[in-house]
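For reference, the structure is listed below as structure tokens.
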Amino acid sequence: MPARHFDSHDKILLLQHGSTELLALAQRRGVELHKLLSGTGIFEQDLQRPHGRLHHADWLKLLHNCQHQLKSPELPFLLGSAMLNSRYIAVCQSLQYAKNLKQALCHLYYFRHQLFPGFYARLYQQNDHLVIEFKAALGLASQRPFMLTILCSLLLSLIKQQLGSLTGVSVQLQQACAEHQLQYQLQWGCELSVNQPCDTLRIPLPLWQQAFSDADADQFKAARRTCRQLNHVLIKQRGILESICRLQQRALPQLLSQEQVALALGLSNSALKRLLSRHDTNFARLIDEVRRDAARNLLQQGQYSNRQLALKLGYSDEHNFRRAFKRWTGLIPSSFKGMFHFN
């Protein structure tokens, strides 16, 4: 049976899961609704439907329109906080009633397709911090920094509301400009570094199981039931890029061909190629990303030689692996080893 996945042209988002909050913020600042909806497939009457849905491509266009019309740098920060406190988003309600950050984030990850289908995450431990690395499940084009800011703002607002402090919490971003670093720090109230190899949120281990101030087991269960009911409307699937990467991760050290992946996804080879082009990537780039992540996972264990690593990642020899690793990280494997500790 082909793997289930979604694309940017599938209706995978509820309008009440971010879009209505975004439109309300923009309209309060004087922008006319028809200008915000221009070029999308969203009609004004759709906004009144409880389960009105939109394509992810329309969501990206809506974000573009709001940025173009408002030119308001605080918009994604405000939207993240507004989504967290929305009474219409069951996922966010459940986060605030969770017993601790561990339960909240596990819940958010399971139901991420209802709120942030454009991202998935990788979790690992680095020294005395847990690190959440954000990865694109779909092609996000120029809207990736904006969307990532929304996601981080929601999570940081949750931590601050429920635990009272962001002490020790930090964010690392790939694409944020150094000139905007101060603004991010003022909005988030935590340490930030930019031009990093990946997008991550670092949380001190003691915060992971610290009790939430609004923890309520009954309210959490009620909100979780609503999330499960919504799965009948928003079927739990993976974004196309995430699906491809997971297929290759399971296959390593074998390298799947594009034809094999297309077959697993129930697509023709030409259809997969067109799909990847629409997401502004290609098959070779995704496979390279999978090998990079696998190399980092294996290196932190500290028990493999370069030759063993090369074999596990599907390289023909140690030299090719070392050259690829230097391209990925700017370091040779021996310099990288020991920097991370993963669970």
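Keep in mind the model is a prediction, meaning the values are calculated, not measured. Residue indices begin at 1 and follow the sequence shown.
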Do [X] and [Y] belong to the same hydrophobic cluster, where Ile, Leu, Val, Met, Phe, Trp and Tyr are linked whenever their side-chain heavy atoms lie under 4.5 Å apart, directly or via other members?
| X | Y | value |
| --- | --- | --- |
| Leu148 | Leu123 | yes |
| Val290 | Ile244 | yes |
| Leu14 | Phe6 | no |
| Tyr120 | Leu130 | no |
| Leu311 | Ile287 | no |

Got more than 12 heavy atoms from elsewhere within 6.0 Å of [atom1], [X]?
| X | atom1 | result |
| --- | --- | --- |
| Asp280 | CG | no |
| Arg29 | CZ | yes |
| Arg87 | CZ | no |
| Glu44 | CD | no |

Donor-acceptor pair, [X] side chain versus [Y] backbone, under 3.5 Å?
| X | Y | answer |
| --- | --- | --- |
| Gln103 | Lys99 | yes |
| Ser277 | Lys273 | no |
| Asn282 | Ala284 | yes |
| Gln209 | Asn100 | no |
| His279 | Gly139 | yes |
| Ser153 | Thr149 | yes |
| Glu21 | Gly18 | yes |
| Arg228 | Arg224 | no |

Tell me whether the NZ or CZ atom of [X] lies within the 45° cone about the ring axis of [Y] and under 6.0 Å from its centre.
| X | Y | answer |
| --- | --- | --- |
| Lys236 | Tyr110 | yes |
| Arg112 | Tyr109 | yes |
| Arg291 | Tyr315 | yes |

Inset, instruction - Search all heavy atoms of Met83 against all heavy atoms of Leu115 and return the closest pair with its distance. - result: CE-CD1, 3.6 Å

Give, for atom [atom1] of [X] and atom [atom2] of [Y], the distance between the pair rounded to the nearest 0.5 Å.
| X | Y | atom1 | atom2 | value |
| --- | --- | --- | --- | --- |
| Lys11 | His51 | NZ | NE2 | 14.5 Å |
| Leu234 | Phe111 | CG | CZ | 11.0 Å |
| Cys198 | Gln174 | SG | CD | 6.5 Å |
| Trp59 | Leu138 | CH2 | CG | 13.5 Å |
| Leu201 | Cys152 | CG | SG | 6.0 Å |
| Leu151 | Leu79 | CG | CG | 11.0 Å |

Testing [options] for side-chain contact (heavy atoms from CB on, under 4.5 Å) with [X], which one passes?
| X | options | answer |
| --- | --- | --- |
| Leu60 | Arg144, Met147, His55 | Met147 |
| Leu13 | His56, Arg53, Gln114, His113 | His56 |
| Leu84 | Leu156, Leu154, Val91 | Leu154 |

Inset, instruction - Take Phe212 and Leu158, measure what side-chain contact (heavy atoms from CB on, under 4.5 Å) needs, and give me the verdict at the end. - result: CA-CA 10 Å; Phe212 274 10; Leu158 174 68; 4.0 Å; yes

[X] and [Y]: side chain donor to acceptor below 3.5 Å:
| X | Y | result |
| --- | --- | --- |
| Asp216 | Gln96 | no |
| Ser170 | Gln172 | yes |
| Arg323 | Asn320 | yes |

Inset, instruction - Just do the side-chain contact (heavy atoms from CB on, under 4.5 Å) check on Leu23 and Leu15 with the steps written out, would you? - result: CA-CA 10 Å; Leu23 291 169; Leu15 283 161; 6.0 Å; no

Legend entry - side-chain contact (heavy atoms from CB on, under 4.5 Å) between Gln248 and Val261, intermediate numbers included: CA-CA 8 Å; Gln248 183 57 73; Val261 169; 5.5 Å; no

Without placing hydrogens or testing angles, list every side-chain donor-acceptor pair under 3.5 Å for residues 62-76, not counting sequence neighbours.
from  : atom 1 : to     : atom 2 : distance (Å)
Asn65 : ND2    : Leu36  : O      : 2.8
Asn65 : ND2    : Ser38  : O      : 2.7
Gln67 : NE2    : Leu63  : O      : 3.1
Gln67 : NE2    : Gln143 : OE1    : 2.4
Lys71 : NZ     : His68  : O      : 2.8
Ser72 : OG     : Glu74  : OE1    : 2.9
Ser72 : OG     : Glu74  : OE2    : 2.8

Legend entry - Whether Phe325 and Phe321 hold their rings parallel, tilted or perpendicular, with breakpoints at 30° and 60°: tilted

Inset, instruction - Give the intermediate values and the outcome of side-chain contact (heavy atoms from CB on, under 4.5 Å) for residues Gln93 and Thr226. - result: CA-CA 10 Å; Gln93 290 178 342; Thr226 303; over 6 Å; no

Inset, instruction - Go through Arg49 and Asp46 one step at a time and tell me if the salt bridge (Lys or Arg N to Asp or Glu O under 4.0 Å) criterion holds. - result: CA-CA 5 Å; Arg49 296 174 182 167; Asp46 295 333; 3.0 Å; yes

Inset, instruction - List the steps, then state whether salt bridge (Lys or Arg N to Asp or Glu O under 4.0 Å) holds for Arg296 with Asp293. - result: CA-CA 5 Å; Arg296 291 194 303 178; Asp293 290 345; 3.3 Å; yes

